[in-house]
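Inspection log for the structure reproduced underneath, given as structure tokens.
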Amino acid sequence: MQTISENKCFGGIQGVYTHASEACGCNMTFGLFLPEAANEGAVPVLWYLSGLTCTHENAMVKAGAQTWAAEHGIALVFPDTSPRGKGVADDEAYDLGQGAGFYVNATEAPWARHFRMWDYLADELPNIVGATFAIDEDRQAITGHSMGGHGALTLAMRLPGRFRSVSAFAPICHPTQSDWGRKQLAAYLGADESLWAGHDATLLMRRLGFDGPVLIDQGSKDQFLDLLKPEALAAAMAERRQNGQFRIQPGYDHSYFFVASFMEDHLRFHADALYR
């Protein structure tokens, strides 16, 4: 692993690191904020998964999460959204290929060689972070925005016991029934739709639920509401009587202005679970 940068931030360190990934078959980059409390011992960690077209950098510089993470003594990990680099498959469309990994293990050409973001985030990167930094691996939580909200919810429900809490900002809630999902799942996983179900938060909520608290924030003026399908996940949570909140925030759109506006709430929500 190589250090790209390390900057003092709210008493802690905001770092950016790169490493050779076995899962993705290329170099991968991630951001990590370690609060000052990490100087005294291992701290809990919140994973933040970003959305379409984003890299590790978007949330790291726009979400304002370090302010509240420092206050609560929580580390933040900002992974990239896909494999990148020379020889990695890509597409002219913004919603497929580099920047649009959708947090799945691709099985179809030309994606299967590198696009194994599920294995990267479920196993490889957590092992690297846990072995290298002062992270308490027994206290983890996960959140994300848009495509990253989809990833956070699916990882949380399919890895029971891994995360104490999960939240999402405007997640892609029902990708098997949305153009933000059907296109990508077909490309990465093939035409057999039965293979898609494990990457649909609404279907997973109906079948599995989450063994902890859930917090979802959705802007009422989000320009992508028809693609996100928040009503499907809200109904599934209600039907399951899931421990959680699904909040519609009046007037907010899909931007990082929305994410930053409610980041304090989400950090407090996760801190309650991580320190319980």
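Worth saying up front: this structure is predicted, and the values here are computed from it rather than measured.
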Spell out, as yes or no, whether a donor-acceptor pair under 3.5 Å connects the side chain of [X] to the backbone of [Y].
X      : Y      : answer
Ser220 : Gly251 : yes
Gln66  : Phe10  : no
Trp196 : Ala191 : no
Asp119 : Ala23  : no
Ser178 : Leu227 : yes
Tyr188 : Gly97  : yes
Glu40  : Ala37  : no
Thr132 : Val129 : no
Gln223 : His254 : yes
Gln184 : Asp95  : yes

Notebook entry, point to check: Within 45° of the ring axis of Trp118 and under 6.0 Å from its six-membered ring centre, is that where the NZ or CZ of Arg158 lies?
Noted result: yes
Check: For Leu49, which of Leu155, Val77, Thr81 qualifies under side-chain contact (heavy atoms from CB on, under 4.5 Å)?
Finding: Leu155
Heavy-atom check, side chain of [X] versus side chain of [Y], under 4.5 Å:
X      : Y      : answer
Glu193 : Arg182 : yes
Pro83  : Tyr120 : no
Trp180 : Leu52  : yes
Leu233 : Leu153 : yes
Ile216 : Met237 : yes
Thr29  : Arg84  : no

Euclidean distance, [Y] [atom2] relative to [X] [atom1], rounded to 0.5 Å:
X      : Y      : atom1 : atom2 : value
Arg247 : Gln218 : CZ    : CD    : 12.5 Å
Ser21  : Ile128 : OG    : CD1   : 7.0 Å
Met117 : Glu124 : CE    : CD    : 10.0 Å
Leu34  : Ile13  : CG    : CD1   : 8.5 Å
Ser82  : His114 : OG    : NE2   : 11.0 Å
Asp217 : Ser167 : CG    : OG    : 8.0 Å

Checklist line | No-hydrogen, no-angle side-chain donor-acceptor test under 3.5 Å, Asp200 and Thr176 | finding: yes
Check: Do you see a donor-acceptor pair shorter than 3.5 Å between the side chains of Asn58 and His145?
Finding: no
If you draw a 6.0 Å radius around [atom1] in [X], do more than 12 non-hydrogen atoms from other residues or ligands fall strictly inside?
X      : atom1 : value
Asp211 : CG    : yes
Asp226 : CG    : no
Glu231 : CD    : yes
Arg162 : CZ    : yes
Glu264 : CD    : yes

Linked, directly or transitively: [X] and [Y] (ILVMFWY side chains, under 4.5 Å):
X      : Y      : result
Trp47  : Met157 : yes
Phe210 : Leu121 : yes
Met205 : Leu215 : no
Leu203 : Leu195 : no
Ile172 : Leu189 : yes

Residue pair [X] / [Y]: nearest heavy atoms and the distance that separates them:
X      : Y      : result
Pro35  : Ala70  : CB-CA, 4.2 Å
Ala134 : Gly41  : CB-O, 4.0 Å
Ser146 : Leu228 : OG-CD2, 4.4 Å
Leu208 : Arg240 : O-NH2, 2.9 Å
Met28  : Asp80  : CE-CB, 4.3 Å
Ala20  : Asn27  : CA-OD1, 3.5 Å

Next item on the list: Could you check whether the rings of Phe115 and Trp111 sit parallel, tilted or perpendicular, using 30° and 60° as the cut-offs?
Entry: perpendicular
Note to self: Angle between ring planes, Tyr17 versus Phe133, binned at 30° and 60°: parallel, tilted or perpendicular?
What the structure shows: tilted
Checklist line | Phe102 ring center near His150 ring center (under 6.0 Å) | finding: yes
Check: Can you check side chain to side chain donor-acceptor pair (under 3.5 Å) on His199 and Thr154, steps first, answer last?
Finding: CA-CA 6 Å; His199 297 285; Thr154 56; 4.9 Å; no
Margin query: I'd like to check the side-chain contact (heavy atoms from CB on, under 4.5 Å) partners of Asp136; sequence neighbours left out, ordered by chain and number.
Written below: Ala42, Asp138, Arg139
Notebook entry, point to check: By the rule that ILVMFWY residues connect when side-chain heavy atoms come within less than 4.5 angstrom, directly or transitively, which residues belong alongside Tyr252?
Noted result: Ile4, Val16, Phe33, Leu46, Tyr48, Met60, Val61, Trp68, Ile74, Leu76, Phe78, Phe169, Tyr256, Phe258, Val259, Phe262, Met263, Leu267, Leu274, Tyr275
Checklist line | Non-neighbouring partners of Lys221 that pass side chain to side chain donor-acceptor pair (under 3.5 Å), sequence neighbours left out | finding: none
